[in-house]
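Below is one structure, written out as structure tokens; the observations come after it.
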Amino acid sequence: MIICPNCHHKELPGALFCSECGARLISLDYLTTQSLQKAPSDHLHEPVGYSNSTVKDIDHVDDPELPEDIDAELALYVLENKQTLHLAGRAEFTLGRVAEGQPILPDVDLSPYDAYAQGVSRLHAALKVTRNRVAIMDLGSSNGTRVNGQKIVPHVDYPLNHSDVIALGKLKLQVIIK
Amino acid sequence: MDYYNLLEIPLDATTDEIRRSYFLAAKKFHPDKNPNIQSNERFILIQKAYDVLIDPIRRKEYDEQFSEEEKKSQFLKMKLQFSRSAIPIIEGSQKIYTLLDISTKNGLDPNSFPPINICLVIDRSTSMQGELLEKIKFEAINLLRLLRPEDMISVIAFSDRAEIIVPPTPSSNLEQIIPKIQTIQASGATEIFQGLSFGVEVLRSMGKDNDQIRQLILLTDGHTYGDEDNCYNLMREAHQDGITLFGIGVGDGWNDQFLDKLTQITGGETQFVSTAQEMYNSLIDRVVSAGVVLAHNVQLSFETNQMVKLNYVFRYSPGLSQLAVDSPIALGNLQYGKHLRIIFEFEIDELPVSTTELKLLRGVITMDLPSLSVHRKRFFVDFNRTVKLRIDKESPPAQIIEAMSHLTLYRIQEKAQESIKLGDMTKASKHLHHMATHLLAKGDRNLAHTVLKEAEFLKNNNKLSDLGEKKIKYGTRALLLLPEPEMD
């Protein structure tokens, strides 16, 4: 299924436009996600600790207790500066920029990449690594988050594929999942 | 009359096809069913044609009269495009789009186009009284000057009963036709079946041998009540005889769904006009395109793979019309120098992992070309795709994206109407707002404005205004109209 980034209507893979709101879906083909789900890599298998746990809550997959190497394969490539940010050690990363007097700090500080001028909010978006996919959620940022040019709706998970380009405000990052 | 035309088969028909067509034709003209002399004669001719064509030696002798060119006739180009280069094997169902493009090659003599036979069917019910009817009469007379001298025109006026105002007359015969058109006066209710049945009869009496283009143009401003099914049946039969129906709806009161469906049966289309200028343009458009019709009765008979469902078919050149999804589909007319473009949406079930190829659709396209000595032509067309375990990301052909981006808006408009019918005004208003956003993005401010106005109207009245509803429907549909297509 493809989920329309604009209105969250579900469409069949292969659909070119959302039949509810007309948003273009072409760059959002989920085939790579699908194959990822079918053949999860060694690193993205179900964590041992999780399957043994007595908690049966499925929604709890983004448990921060995930083993460290699970997300060792996730990285962000800053297109403008040509730098790679390796993300590891967590199941969820908040992206933003650190400003003075800020009570909650983002996990990934983008201020070295001119985040303020590019319109990145202090807490802009969150990347979530679950068992078999990587998702992004906009945290109600001022300038919004785009995935491959499509604006996504705040506070809703939006799955990511390898090589997708996300834009926080104007700051563009490419997702690298190995 | 030519034997092939008698049996309505192409020059390269197989023995099986000859036999099948013979049975159909013999049934249709059997003396037991048709006691008149004409069909009796026809029945004998059909027998004769069959006897010759079924015998390989006699058929070969008969075929000697046709030139090599005619036998090959490579003047059509057919192109298929798919939204994906291969079908991936994935969990669950998926969609794929196909664009069928048939065009003519250069080198045909436009003077050899068959004469056209147009029948204007004019609604003269009381609601047309006054300015409206005067305008229609005026435009009908203007229309005459556009026709070629050998073209025939007839005029029917109808209310709750119909009358032949002008019997088929050569269009050059102005002094005979004009005074008659001017006599049309308004009175009575609208019963479309009355008008159409007269029109079909008049056209049937002309060009029996299928060597003319025969078109009905229906001008109406009103609803018809109770005779819808009769109309559908009538047009189904008329389509068999190669008659195409075009509808022109005037003002806000006519029944667009009915007229759309009715014209769709014959491969025609419906247009919406709100001003005299639009009506004139619409009529001109009809006549000019009728003048360059190369093939009519273009039809696709097909079967889909059992894993595949045909969801939606839309023709966006020439003219705009949603088409049926059941075989056979009336595709319309093929015009000289224009592309016949049809977009198909398929839904594919989850495929077994072992699949390597999928035949979405196997079909035959038949058409009648009155300018050839054997009218019927047929082409085999298969929609085939390879199937792969995984495919790389790719961009669908630009033409498909372009067409779908407009068609999606048209379909959202359909959904909004649907929601209103079901009483879900919130949803309908959401659809309208989505449409307005896209229309603004496309730069169509007028239509976007109309849509927003209707959204406001919807909020206050729980329905769309009659005029606005049609403006939106035909406006979004018109987005698919391409600028004059290139000759190639």
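Throughout, a chain's letter reflects where its sequence line sits, starting with A, and its residues are numbered from 1.
- Heavy atoms closer than 4.5 Å to chain A are found in the side chain of B:E347, but not in its backbone.
- Atoms CD and CG, on B:E402 and A:L16 in that order, are 12.5 Å from each other to the nearest 0.5 Å.
- Within a 6.0 Å sphere centred on NZ of B:K471, other residues, nucleotides and ligands contribute 12 heavy atoms or fewer.
- Within 6.0 Å of CZ on B:R362 lie no more than 12 heavy atoms contributed by other residues, nucleotides or ligands.
- The structure places NE2 of B:H406 at 8.5 Å from CZ of A:F17, a figure rounded to the nearest 0.5 Å.
- A donor-acceptor contact shorter than 3.5 Å is absent between the side chain of B:H434 and the backbone of A:C7.
- Neither the backbone nor the side chain of B:K430 comes within contact range of chain A; no heavy atoms are under 4.5 Å apart.
- Around the CZ atom of B:F457, the shell of radius 6.0 Å holds more than 12 heavy atoms that belong to other residues, nucleotides or ligands.
- The SG atom of A:C18 sits 8.0 Å away from atom NE2 of B:H438, with the distance rounded to the nearest 0.5 Å.
- Other residues, nucleotides and ligands contribute only 12 or fewer heavy atoms inside 6.0 Å of the NE2 atom of B:H449.
- The number of heavy atoms from other shown groups lying within 6.0 Å of CD1 (A:I104) does not exceed 12.
- Counting non-hydrogen atoms of other residues, nucleotides and ligands closer than 6.0 Å to CG of B:N446 gives a total of 12 or fewer.
- Taking both residues in full, the closest heavy atoms of A:P13 and B:S93 are given as CD-O, 3.3 Å, listed atom of the first, atom of the second, then distance.
- Other residues, nucleotides and ligands contribute more than 12 heavy atoms inside 6.0 Å of the NZ atom of B:K415.
- What you find for A:G14 and B:Y97 is that their closest heavy atoms are O-CE1, 3.6 Å.
- For B:I401, the parts sitting under 4.5 Å from any heavy atom of chain A are the backbone and the side chain alike.
- What you find for B:Q94 and A:L12 is that their closest heavy atoms are CA-CB, 4.1 Å.
- In this structure, B:I412 and A:S19 approach most closely via the heavy-atom pair CG1-O, 3.4 Å.
- Between A:E20 and B:K427 the shortest side-chain heavy-atom distance falls below 4.5 Å.
- In this structure, A:R122 places its CZ atom where only 12 or fewer heavy-atom neighbours from other residues, nucleotides or ligands lie under 6.0 Å away.
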